[in-house]
Amino acid sequence: MAYTSTHWGVYEAKNTGGTVELTPAPWDRDPSPLSRSLTSGRDAPARIRRPAIRAGFLKSGAASREGRGREAFVEVPWDEAFDITAHHIARVREQYGNESFYGGSYGWSSAGRFHHAQSQFNRFFRLTGGYVDSVDSYSLAAARVILPHVVAPWGELSQGHTDWNNLAEHTDLFIAFGGLPAKNTQVNPGGASDHVVREALRRMAAGKTRFVNVSPSRSDLTDAEGCEWLPIRPGSDTALMLALAYVLIAEDLHDQPFIESHSVGFEQLRDYLFGAADNQHKTPAWAAPLCDIPADTITALARRMAKGRTMINVAWSLQRAENGELPYWMAVNLAVLLGQIGLPGGGFGVGYACMQSVGSGRFPFSGPRLPQGTNPVTTFIPVARVSDMLLNPGGSFTYDGGSFTYPDIQLVYWCGGNIFHHHQDLNKLIEAWRRPEVTIINESFWTPHAKFSDIVLPATTTLERNDIGSASLDRFMVAMKRVADPVGEARDDYDIFSGIAERLGFAEQLREGRTAEQWLEVLYEECRPRAEVFGITLPPFDQFWEEGLFDLPAPEQDTIMLESFRRDPEDFPLNTPSGLIEMTSTKIAGFHLPDFPGTPEWREPREWLGASRAQTYPLHLLSNQPSTRLHSQYDHGVVSRESKINAREPLTMNLADASARGLAHGDVVRVFNDRGAFLAGLVVSDAIRPGVVQIATGAWYDPLMPGEIGTLDKHGNPNAVTQDVGASSLSQGCAAQSALVQVERFAGELPPITAFQPPQFVAKEP
């Protein structure tokens, strides 16, 4: 049996007469339907079939930058594409140096460990002499920066979450800030071979656990029967948490011995809560108008938290906002006050139900790893500051207490990602994207990013190559057998980078004399000793490849986050300045940041400020993860396209807001603010609070006037209106969830959707 592994599951794969069929693995209890898009989208019209170069760039080079996103392309042979690509890499390196290269790769393009776009990209560009890299991620930047100061690095926490089985046995109350959207658990960065979260939630709800969904959307927690919904105002979770902490302290419900033995900074937090500096007690009555939850409800929830074993979870969406670090910090502080960190079923979580792996209880064994070398260039940017970097070379920015300078980027190379999906304020990005001399991409489909590139190199998809599927905290290691020939002239990233490296003179260093298939065996055998550390004995490669998969054993004991630290904080200290949990931080206070203090204080989002703006744009836009694709991957596939309304991405609105605007379910609406506008298909629902609208991310940007700044997006990409500002000057994470908009019925003839059509092709000029 041939298997393949994807970010959303393992499938049995077969090819019958050129038609590929994928069947969910028989052990998977909750398989994802996204495989239908993988097969239907593979050879769709949007597939890139041959190397292509933007016509203006081929003729005039960097002088044609204004044509990005609007010009036709010229298809060329691979040898010519390699020659031109290598020429520009060498030219820019010689003229400006390696600090003029910016490399973008988001790592989600393949669940395979060898054909992992980010790994292949890193290996190639580090051999060129290095490039400007980014740190953190759009998903988790604020959390990744704040958590090491407060408790532990994100990676350590993500691999150590208390497992679902333990929660089912011990948790009395599960408070879900941002909900527990099981749709998000379809996916995992390396692979999601056994979907267990929905079943876990249902089992917990049928038992002793009671759930509270603190979210503007009721649909953020639908798999726990009897769940209580607190429809909070977006961006106000920190205010609610501060009020809960106030009640716990004021009513002597906090665990003072645990606070004294396992944390520092309690006195400063208590002083802030009780108004020592501003004479404002952070009571439930203070928080109620901010978060739109009654004061009595807040008080009652705090008392319930102290009565039994309580798990406090914060979804990733909360930190993708202005001041996004603060709800994570306060969630940890609430768990400290309750004194249940390190106990079965209690404490805190930072991403349950945000991916399949969180809480899986599996070993943190990642499997094969491609050696990537060290980047000789140390210059970096926070990942969400791409436009600022391109628009402000030489400008300064702060990050995690340091002050840095934006480099002058002249060549951008992307591999495995779509910046016109995940970056905010697309009109600002279009302006920024015209600054570099060269933009290059390895891509399988004509995404908007590909259409905004100068050189487009067609890459194979998962089904068109051999690989090894393996992920930390996942159940299976999978021999991913090639089941289809590449469409057109597509090549895998290893072949693409090898072809460029030949012209740049370091192909042998890149390949080390190995084919892709030889690399698979080398990487597999290299990981076998690492598996032994976890008590896992992997079979020899030939046996593994023949059998098709290996079922990794699970730990014998439950995973309980920070259990060792709780038991003995002296022998198992945290990697914080004090070795303890930092309820307030003297180190952060020492950064002297104007917008981020050393105590987790309430900070009103800047997007809220000013009555006139709120009156002009009275609806808060939330852009959540889609259920019908992974980010923007396979938006052109059948599963995603079936979900559209009149070919547009669905936008959910409360019935009262729709009625006030004369809107009905199924209307095509225009969503807009002073940053831009997009069209969407309207869903009217009572499952979202009034004053809030919600749309999934990932609809391919489809401009009415291609390449024109400010033009209408016809398809429903929320980043046409989101703001490109940092969560704070501490993390510089994205603040996509802090956006105000207005919505109206679209007047006039609907423009056709062209997002999934390839660009125009023209013949090369003589």
Side-chain angles (χ1 to χ4, degrees), residues 2-24 32-52 72-78 81 108-112 115 117 415-418 421 441-451 453 456-467 469 480-496 516 628-644 647 698-700 702 715 752-761:
Y3 293 97
T4 195
S5 179
T6 71
H7 295 304
W8 48 86
V10 172
Y11 298 89
E12 297 175 348
K14 66 177 181 179
N15 189 327
T16 305
T19 300
V20 178
E21 297 180 19
L22 298 179
T23 304
S32 168
L34 297 184
S35 61
R36 293 173 55 221
S37 287
L38 188 66
T39 53
S40 67
R42 190 179 69 88
D43 60 353
R47 186 67 190 267
I48 303 172
R49 287 165 162 77
R50 283 166 289 280
F73 282 80
V74 177
E75 294 183 323
V76 299
W78 270 110
W108 279 98
S109 66
S110 172
H115 294 293
C415 175
N418 173 11
H421 149 64
I441 191 171
N442 296 4
E443 178 56 82
S444 304
F445 304 103
W446 282 108
T447 65
H449 188 145
K451 293 175 181 177
S453 298
V456 180
L457 306 176
T460 53
T461 67
T462 294
L463 299 175
E464 299 163 354
R465 57 203 182 209
N466 292 322
D467 212 333
M480 300 167 60
K481 306 290 181 66
R482 170 175 161 167
V483 294
D485 293 331
V487 172
E489 299 175 15
R491 300 188 180 188
D492 61 58
D493 293 316
Y494 181 61
D495 286 342
I496 293 172
T628 60
R629 57 186 173 266
L630 168 55
H631 301 313
S632 70
Q633 287 187 50
Y634 290 96
D635 187 34
H636 69 293
V638 63
V639 177
S640 183
R641 296 182 76 165
E642 286 175 351
S643 72
K644 312 281 185 177
W700 287 5
D702 194 11
H715 189 207
I753 297 298
T754 54
F756 308 130
Q757 298 177 10
Q760 180 185 1
F761 297 107

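From a predicted model like this one, the values you see are computed outputs, not experimental measurements. No hydrogens, no waters, no symmetry mates; every other heavy atom, side chains included, goes into these values.
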With Asp467 via salt bridge (Lys or Arg N to Asp or Glu O under 4.0 Å) - residues at least two apart: none
Which residues pass the side chain to side chain donor-acceptor pair (under 3.5 Å) test with Trp446, not counting sequence neighbours? none
For the student: nearest non-hydrogen atoms of Ser632 and Trp700, plus distance: O-NE1, 2.9 Å
Which donor-acceptor pairs under 3.5 Å do the side chains of residues 34-48 make with protein atoms, sequence neighbours left out?
from: Arg36; atom 1: NH1; to: Glu642; atom 2: OE1; distance (Å): 3.4
from: Arg36; atom 1: NH2; to: Glu642; atom 2: OE1; distance (Å): 3.4
from: Arg36; atom 1: NH2; to: Glu642; atom 2: OE2; distance (Å): 2.8
from: Ser37; atom 1: OG; to: Val638; atom 2: N; distance (Å): 3.4
from: Ser37; atom 1: OG; to: Val639; atom 2: N; distance (Å): 3.0
from: Thr39; atom 1: OG1; to: Arg36; atom 2: O; distance (Å): 3.1
from: Ser40; atom 1: OG; to: Arg36; atom 2: O; distance (Å): 2.9
from: Ser40; atom 1: OG; to: Val638; atom 2: N; distance (Å): 3.2
from: Arg42; atom 1: NH1; to: Glu464; atom 2: OE2; distance (Å): 2.8
from: Arg42; atom 1: NH1; to: Asp485; atom 2: O; distance (Å): 3.1
from: Arg47; atom 1: NE; to: Ser444; atom 2: O; distance (Å): 3.2
from: Arg47; atom 1: NH1; to: Arg42; atom 2: O; distance (Å): 2.9
from: Arg47; atom 1: NH1; to: Glu464; atom 2: OE2; distance (Å): 2.9
from: Arg47; atom 1: NH2; to: Ala459; atom 2: O; distance (Å): 3.2
from: Arg47; atom 1: NH2; to: Glu464; atom 2: OE1; distance (Å): 2.8

In terms of heavy-atom contacts, Ala117 and Gly416 come closest through CB-CA, 3.8 Å
Output all residues satisfying side chain to side chain contact (heavy atoms under 4.5 Å, CB included) with Ser640, sequence neighbours left out; order by chain, then residue number. Thr628, Arg629, Asp635, Lys644
Test Val483 against every option in Val20, Asn466, Thr462, Thr4 by the side chain to side chain contact (heavy atoms under 4.5 Å, CB included) rule and name the one that passes. Val20
Closest heavy-atom pair, Lys481 versus Ala2, reported as atoms and distance to 0.1 Å, is CB-CB, 3.9 Å
Can you list the residues that meet the salt bridge (Lys or Arg N to Asp or Glu O under 4.0 Å) rule with Arg465, with sequence neighbours excluded? none
Smallest separation among heavy atoms of Lys451 and Ala755, with atom names: NZ-O, 3.3 Å
Taking all heavy atoms of Pro51 and all of Ala81, pick out the closest pair and write down the distance. CB-CB, 3.7 Å
pair Glu443-His449: side-chain heavy atoms closer than 4.5 Å: no
Apply side-chain contact (heavy atoms from CB on, under 4.5 Å) to residues Phe761 and Arg50 and explain how you reach the verdict. CA-CA 11 Å; Phe761 297 107; Arg50 283 166 289 280; over 6 Å; no
Of all residues at least two apart in sequence or in a different chain, which pass the side chain to side chain donor-acceptor pair (under 3.5 Å) check with Thr754? Asp702, Lys714
Which label fits His421 and His631: parallel for a plane angle under 30°, tilted from 30 to 60°, or perpendicular past 60°? tilted
Side chain to side chain donor-acceptor pair (under 3.5 Å) filter on Asp495, not counting sequence neighbours, yields none
Keeping the roles fixed (side chain from Trp78, backbone from Arg491), state whether a donor-acceptor pair exists under 3.5 Å. no
Could I get the full list of ring pair (Phe, Tyr, Trp, His ring centres under 6.0 Å) partners for Phe445, not counting sequence neighbours? Tyr634, His636
I want to check something: taking the side chain as every heavy atom from C-beta on, are Leu463 and Leu22 in contact at a cut-off of under 4.5 Å? yes
For a side-chain contact (heavy atoms from CB on, under 4.5 Å) check, start with the C-alpha distance between Tyr3 and Glu12, then their side-chain angles and the critical distance, and finish with the verdict. CA-CA 5 Å; Tyr3 293 97; Glu12 297 175 348; 3.7 Å; yes
Gap between atom CD1 of Ile496 and atom CG of Leu457 - 0.5 Å precision: 5.5 Å
Restricting to non-hydrogen atoms, name the atom on Pro458 and the atom on Val456 that form the minimum distance, rounded to 0.1 Å. CD-O, 3.8 Å
Residues in side chain to side chain donor-acceptor pair (under 3.5 Å) contact with Tyr11, at least two apart in sequence or another chain: none
Main chain of Ala450, side chain of Thr447: is a donor-acceptor contact present, judged purely on distance under 3.5 Å? yes
